[in-house]
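Heads up, the thing below is written out as structure tokens.
Residue numbers start from 1 in every chain, and the chains themselves are labelled A, B, ... in the order their sequence lines are given, proteins ahead of strands.
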Protein chains: 2
Amino acid sequence: MVVSSIFESRRIAVSGLGFKKSLKAAGRRVTRTRQAVLSLLERTAQPLSATEIFDQLQQEKVSIDLVTVYRTVHVLKELGLVAQIELHQEGQARFELKEGREHHHHIRCQMCGAIVDLLLCPLKKLTKLIESQTQYIVDDHTLEFTGLCPKCQ
Amino acid sequence: MVVSSIFESRRIAVSGLGFKKSLKAAGRRVTRTRQAVLSLLERTAQPLSATEIFDQLQQEKVSIDLVTVYRTVHVLKELGLVAQIELHQEGQARFELKEGREHHHHIRCQMCGAIVDLLLCPLKKLTKLIESQTQYIVDDHTLEFTGLCPKCQ
DNA sequence: ATGATATTGCAAGTCTATTGCAATTAACAT
DNA sequence: ATGTTAATTGCAATAGACTTGCAATATCAT
């Protein structure tokens, strides 16, 4: 991995292998819709909202209900295959594959919506500081940026 | 200000002075409901959601509609008197007074909901790094933590 | 006090997300 | 292969956050 750069475009699809085991291990079934959602997330260079997953699968002539999309990402999240994120004040959840990816954050263009991954997290030390000062146990965090992408400036 | 501590409970109410000028300067009126919302935010030790503002004012026998709460915080935000924030994956906006407060972040207990302010922001250097590497211009960010407060551990 | 207009309350609507339930389908046993 | 069982899906309905239209009301400059 290139450390000198803090951002990356998405890596090439990997999975199709481990997720069946994960599902079965949890007593869940390998269904057409779950495979379709996972496959889409693998092929897509951005974290997707439920609606975006639904729309894209519709376009690909995959028959799926929006409710099923919500239920599917929920299951995939429970299994740890997918991460649920919230960009800066967007008012909706987005989902991205976890498999093979490091912890990272995002910046989103407030004009055109372009999302870039930020392959860094400056919060390990900060987390310890917060824990010692507040006596909270830190479990998770959100760190998301907005701004203008090169094209929209 | 005490620098050795990164968190604080809310400071004592200050305002009631400047906000009338701000409103008038923007051609807006000083109304009963705007004063009630501002007063509540001054008295409250946590960023509040629209519903919480509504409920609390109801309890205080202040007659106000939920729609008016939304419109009020929107105006106060436009005037720069109030900040709109989003805690970690909460799915709703919260509002807090900006006046006299420094830029800060929050940690919220995922059990009981207790919110503590974190009087620090480690993101100035990071912002520059992001800007140089992505060519985005960073405009704003969200940095919010969840975890367990001392009581809930 | 009065008139102009900003603001409010109510009703209705939008958008994201969840839940109940009957019909369908995956997966295991035979 | 076929049947059985339970997980899963689709559809309809519902919940929650937030917005919009419009008539009634309140603010405030005169």
Result for 5'-nearest mapping on DNA chain D, choosing between A:Val75 and B:His74, is A:Val75
Between CD of B:Glu90 and P of C:dA17 the distance, given in whole Å, is 15 Å
When rounded to whole Å, the CD to P distance for the pair B:Gln35 and C:dT8 reads 11 Å
Whole-Å distance, A:Phe54 CZ to D:dG10 P, equals 10 Å
Side-chain atoms of A:Thr68 come closest, of D:dA29, D:dT9, C:dT7, to D:dT9
Checklist entry - Below 4.0 angstrom from OP1 or OP2 of C:dA17, is there any side-chain N or O of A:Tyr70? => result yes
Separation of C:dT25 atom C1' from A:Asp65 atom CG, nearest Å, is 16 Å
*Pairing of A:Glu60 and A:Arg43 as salt bridge, 4.0 angstrom limit*: yes
Winner on side-chain proximity to A:Gln92, out of C:dA17, D:dT9, C:dT7, is C:dA17
B:Leu79 CG to C:dA6 P, in whole Å, measures 15 Å
Exercise. Backbone N or O of B:Leu123 within a donor-acceptor pair of the B:Thr127 side chain at under 3.5 Å?
Worked result: yes
Of the listed D:dT9, D:dT8, C:dT16, the closest approach to the A:Thr72 side chain comes from D:dT9
Check this for me, if you would: do A:Arg28 and A:Glu78 make a salt bridge, where the nitrogen-to-carboxylate-oxygen distance has to be below 4.0 angstrom?
yes
Among the nucleotides D:dC28, C:dA17, C:dG9, whichever has the atom closest to the side chain of A:Ala50 is C:dA17
Exercise. Assert yes or no for the condition that the ring centre distance of B:His141 to B:His105 is strictly below 6.0 Å.
Key: yes
Going by an N to O cut-off under 4.0 Å, is there a salt bridge joining A:Arg94 and A:Glu86? no
Phosphate oxygens OP1/OP2 of C:dT5: is one of them under 4.0 Å from a side-chain N or O of B:Arg29?
no
Contacts of A:Leu66 and A:Arg71 projected onto DNA chain C by closest heavy atom; the upstream (5') one is A:Leu66
Side-chain contact check for B:Ser63: nearest option of C:dA27, C:dT7, C:dG9 is C:dG9
DNA chain C nearest-nucleotide lookup for B:Thr31 and B:Val67: closer to the 5′ end is B:Thr31
Whole-Å distance, A:Gln89 CD to C:dC15 P, equals 20 Å
Between CZ of B:Arg28 and P of D:dC28 the distance, given in whole Å, is 13 Å
Look at the side-chain N and O atoms of A:Arg32 and state whether any lies under 4.0 Å from the OP1 or OP2 oxygen of D:dG10. yes
Here the distance between atom C1' of D:dA17 and atom CD of B:Glu86, to the nearest Å, is 11 Å
* What nucleic acid atoms does B:Ser49 come within less than 4.0 Å of, heavy atoms only: base, sugar-phosphate, or nothing? -> nothing
